Structure formats: C-alpha cells, structure tokens
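Not measured: the values here are computed from a predicted model. Proteins get letters first, then strands, A, B, ... in listed order; numbering begins at 1 in each.
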2 protein chains.
Amino acid sequence: MKYSNQTRLLVAVDCIIFGFDGTDYKLLLIQRGFAPEKEKWSLMGGFVQPDESLDEAAERILKQLTGLHDVYMEEMQAFSQPDRDPIERVIAVAYVALIDIEKYQTQINDDFHARWYSIKELPNLIFDHKEMVEIALTKLRYKAAFHPILFELLPEKFTLPQLQAMYEGLYDTKIDKRNFTRKVLSTKLLKKENDKDKSSSKKGAFYYSLDEDHYKENFTNIHNFIPRNEIPAGVE
Amino acid sequence: MKYSNQTRLLVAVDCIIFGFDGTDYKLLLIQRGFAPEKEKWSLMGGFVQPDESLDEAAERILKQLTGLHDVYMEEMQAFSQPDRDPIERVIAVAYVALIDIEKYQTQINDDFHARWYSIKELPNLIFDHKEMVEIALTKLRYKAAFHPILFELLPEKFTLPQLQAMYEGLYDTKIDKRNFTRKVLSTKLLKKENDKDKSSSKKGAFYYSLDEDHYKENFTNIHNFIPRNEIPAGVE
DNA sequence: TTTAATAGTGTAAAAAAGACAATTAATATT
DNA sequence: AATATTAATTGTCTTTTTTACACTATTAAA
C-alpha cells in the first residue's frame, strides 16, 4: 500500500563542515566528480537512502569524507527551491559539523579531491551552497554566543589565547583578554593542565582541556562568551 | 536528464499551530480524514507539490486550515525515521506557526474537523506528531526567552497582565509583576493606548499595542523576558 | 644582561536583574 | 454617600553581571 497520486522527490543531505586552524575558519569542500557542475567546488553531500534517517545520512556522508564519526553535527535547515538543482528537483537538508581540523584524515583514496578553504576566500560553489554556508555562519555566530560549541573545533588541549583567537575570528572582533578569561573560566568548563604551549611565545601559555563531566552537564546552559553587541541580529 | 539509481521519497510538511486563549496554550489539530489512522488526531500536514518550496507548502497548508496568511511561521526540524509512517516512507518537515486565536476562522466547509486542544490535554496523536509538538514547545520556550515572538499570539491590543499571563503560561512559572513590566517596557516595543480593558477588573488595565516600526527594527535583538533560570536547557 | 614578545592578572564603575509591598482606580456593596 | 472589593500600577534597594582599563611575569633570543 502506497499513497497514491503524489510526487516523490530526491532528498539529499549537504554537510557544512567547519574547522579552525588557529587563525582562520575553514570550510571543507570537495570537487564534484559528476555532472552537472563536474569539477566545481561543492559541499559534501549525498542522497538519503531508503533505510536511513537524515541524521544517519549526514553521519555516513561525513564519515565518507573525513573518516570521522562521533562528530558534533546538527541539522540546520532545508533548502527546497524547486529549481535549485538544474538536473532534477532535490530537496537538500543542510547539516553543520564542527571538527578538529587536525583529526581530519585524507582518505586512503581521495575520491573527492577535498580541500579546506578559508571562509574568507571561498571559491564559487555550486547550486545554492554559498547561501547555505552564509546562513550556517550566521547561525553559528548566534549559537556560539550562548553555547560552548566552538570547543569542538579545538584539539583536546588548547590555550586561552588560542580559545580567544577562535572567538575573535568568528565575530571578527577584538575581545578584552581579562574579561574573556574571566567569563570562560567562570563557566567551570575548563581544566587547567600542567604543561604549556611554547610554540607562540617565550613565556608559554598553559594548556587547558574540557572538563568532560562539567561540559556535558553544563553544555545546554546559557553562557555569554562574547560582548552583547557582537551577537548577530536577525537569527533565531 | 535525471539522477539515476536513486530512490525518490514523499516529502510532507506538518504544521504545529499554537494559539493562546488568555489562559492556556492551544494546539490546532485535525481529525485525519484518510487511512491510515483515519479519524485520529493529527497535525495539519500535506505533501510537498512539484512546483512549491517547503515554505510555500507550509503556507498553503496553513491557509487551507485556518484561512490565514502572512502568519508567523518557521521551519523547525525534519523528521525522517524510515518507518515513521506505516504506509510508506515520508520525510516530514515540521513548521511552527503562532497565530492569534481570534483570527482563526472555521472554514466554510470544515473538511478537517479541526479543534483547538489545550497543550495540557492533548489527545493521542498519530505517528511521531507528539514528539514534534514536544520539541516545538521546548524550542518555543527557548526562543521566546530572547525574542519577542509571543506577541504573534495576541490580538492587536492587549494588556500587560494578559502579556504576563502568556509568558507565565509558557514557562509554567510566576513572574514578578514589577520586574516583568519594567523589562517589557524597556524594549520600546510597546505603545500604550488610551483605553482600558475592563473585562477582568474594576480598575481596568490599559491596552498596549506593538509599535510596528520598533518591532521590526528590534525584532532580532536579544531580549530577556523571563528570569534566567526558567530558560529551558537542552535546546539550541 | 638586556631585549622582545606574549601570557597572566585586579579593580572600579556601570548596567542589568532580582527581591520586595504600598497605593491607585474603578466598580460593587451596604 | 460611604465603604468594601478587586486587580492594576508603581519605586527602591540589593545583588549580580558586564564592561572598561594597564601593568607585571616569564623566558627565549640577542
């Protein structure tokens, strides 16, 4: 038994994969291997298979490209203009993933010709992928102002200056060191390590890591990592 | 030309339509007119047609049921478990709408047997609609704590006690009158009218209305309508 | 030992949020 | 006409949070 007289459509998942290299935010793009728009840059995506949910499809696709699983990823928004794909109508559900760029491994066979692009120097993207990325960035700025999600971009151990650079990079702003440190430490999300990162200063900066228990417990609390006037308007 | 060897699916939109009657939050439900689950209560939904986006489908469906257009509505989340509909796989994108309950008109022919149910006394719903409603409520509580969206539930003119009751209802909490009034008026979103609503007190309460210009300009600002500890954790 | 470069830290003022209760306005009652 | 009743309206003080602002500490390199 089926529903009759209804049109069935292709449904795809597109993954917006962000990384941070210490200075710039990066987007992981692939060079599309098939028509249309062959060899143009694109988000990694794929069609939803009959036996999988959208979340599962997104995980499969992310794994395929990065080799990673258990990654922070969430549904962002559906893109459904009937003509967004010139070949055939495809409804795309965009997912946003935040990964530690160092954990990304080029796959044994780099089928996808993937590359990290700085979000400041993105190439032309196929279809409506550019719009997807812009919306994702705006939503990321909004959400990261209140929730400690950007830690997903960092390695296990990181320094306070690195952390601050990450926030400053996302909002393209300078934040007062003392105020930032105080706010971040007051969340109790961080554990101070005993060793220092001396790669970027003579004095060296102490490493911190996430206090996993506190992190899980307090993840959904409302925090306040950046000055109010930097929070982007116009978002949920 | 088509993408080959891919499965095409039904895509539907389901509308979670909230109202507020001065005391309780209400959900507009229909009695499903066709199998499966005929005559069971359900969200209003419909399949996406070949020529329309999801947003357009949601608007069409909302208009069909309520006669209303230009209503506050936004995409919430996709529901995509392969077996969520026993007849055939359907991916549903849930939309949340907030309407002024007084504007809702029963359609000329009430094809859908629609009824407002208090969210405290919901009947059993088909498929995963119950889950959709619960998620929608949690997200509404989150969003309404920061953005002035609940005004969409009120008529053009409303009193401060009514407004406060609406917030108290959503969070199931009591809020201090003086603090609430101060916060709400400090947003500059409201205009005081000259007349009073005397239906619920001898003294009467002054009407207020939205200052439309300020409302549009400041809509996306971050406000703070309810005490911090009432904001639900576990949401975006 | 001096220099250079970045890390680390404290305090005071301003703004926002929270706790708290008496007065006012209008109608209903006597 | 006076009084009782009911809900609306209004202000202050305290606490918390946020912001603005600048010097000292550390250590490798010169």
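The environment of B/N124 atom CG is sparse: at most 12 non-hydrogen atoms of other residues, nucleotides or ligands sit within 6.0 angstrom.
Taking the ring centre of A/Y117 as origin, the terminal cationic atom of A/R115 falls inside the region bounded by 6.0 Å and 45° from the ring axis.
Note on A/K157 versus A/D195: salt bridge recorded, some NZ/NE/NH1/NH2 to OD/OE distance being below 4.0 Å. Here B/D24 pairs with B/K120 in a salt bridge; the nearest charged N to carboxylate O distance falls below 4.0 Å.
A/F206 has its CZ atom 14 Å from the C1' atom of C/dT6, to the nearest Å. One atom, NZ of A/K174, and another, P of C/dT6, lie 11 Å apart when rounded to the nearest Å. Going from atom CD1 of B/I222 over to atom P of C/dA15 covers 20 Å, rounded to whole Å. Look at NZ on B/K177: it is 11 Å from C1' on C/dT23, rounded to the nearest Å. At whole-Å resolution of the value, CD in A/E193 and P in C/dA7 are 18 Å apart. The distance from atom CG of A/D176 to atom P of D/dC23 is 14 Å, rounded to the nearest whole Å. Whole-Å rounding puts the B/E230 CD to C/dA19 P distance at 10 Å. The distance from atom CZ of B/F225 to atom P of C/dG18 is 14 Å, rounded to the nearest whole Å.
When the nucleotides D/dA8, C/dA26, C/dG8 are ranked by their closest atom to the side chain of B/K198, C/dA26 comes out on top.
When each of A/K202 and A/I226 is assigned the nucleotide of DNA chain D bearing its nearest heavy atom, the one mapping closer to the 5' terminus is A/I226. Toward the 5′ end of DNA chain C lies the nearest nucleotide of A/R178, the other residue of the pair B/K183 and A/R178 mapping further downstream. Ranked by how close their nearest DNA chain C nucleotide is to the 5' end, B/S201 and B/N229 are led by B/N229.
Nucleic acid contact for A/S200: sugar-phosphate only, since backbone atoms but no base atoms lie under 4.0 Å from a heavy atom of the residue.
Contact annotation: side chain of B/N179 to base of C/dA19, donor-acceptor pair present below 3.5 Å. Judged by distance alone with a 3.5 Å cut-off, a donor-acceptor contact links the side chain of B/R182 to the base of C/dG18. For B/K203 against C/dT27, no side-chain N or O and base N or O form a donor-acceptor pair under 3.5 Å.
Not one side-chain nitrogen or oxygen of B/K196 sits closer than 4.0 Å to the OP1 or OP2 atom of D/dA8. Distances shorter than 4.0 Å separate some side-chain N or O of A/N224 from OP1 or OP2 on D/dT18.
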Open item on the list: With side chain to side chain donor-acceptor pair (under 3.5 Å) as the criterion, how do B/S209 and B/E193 come out once you've worked through the C-alpha distance, each side chain's angles and the decisive distance to 0.1 Å?
Closed with: CA-CA 7 Å; B/S209 63; B/E193 301 286 327; 2.7 Å; yes
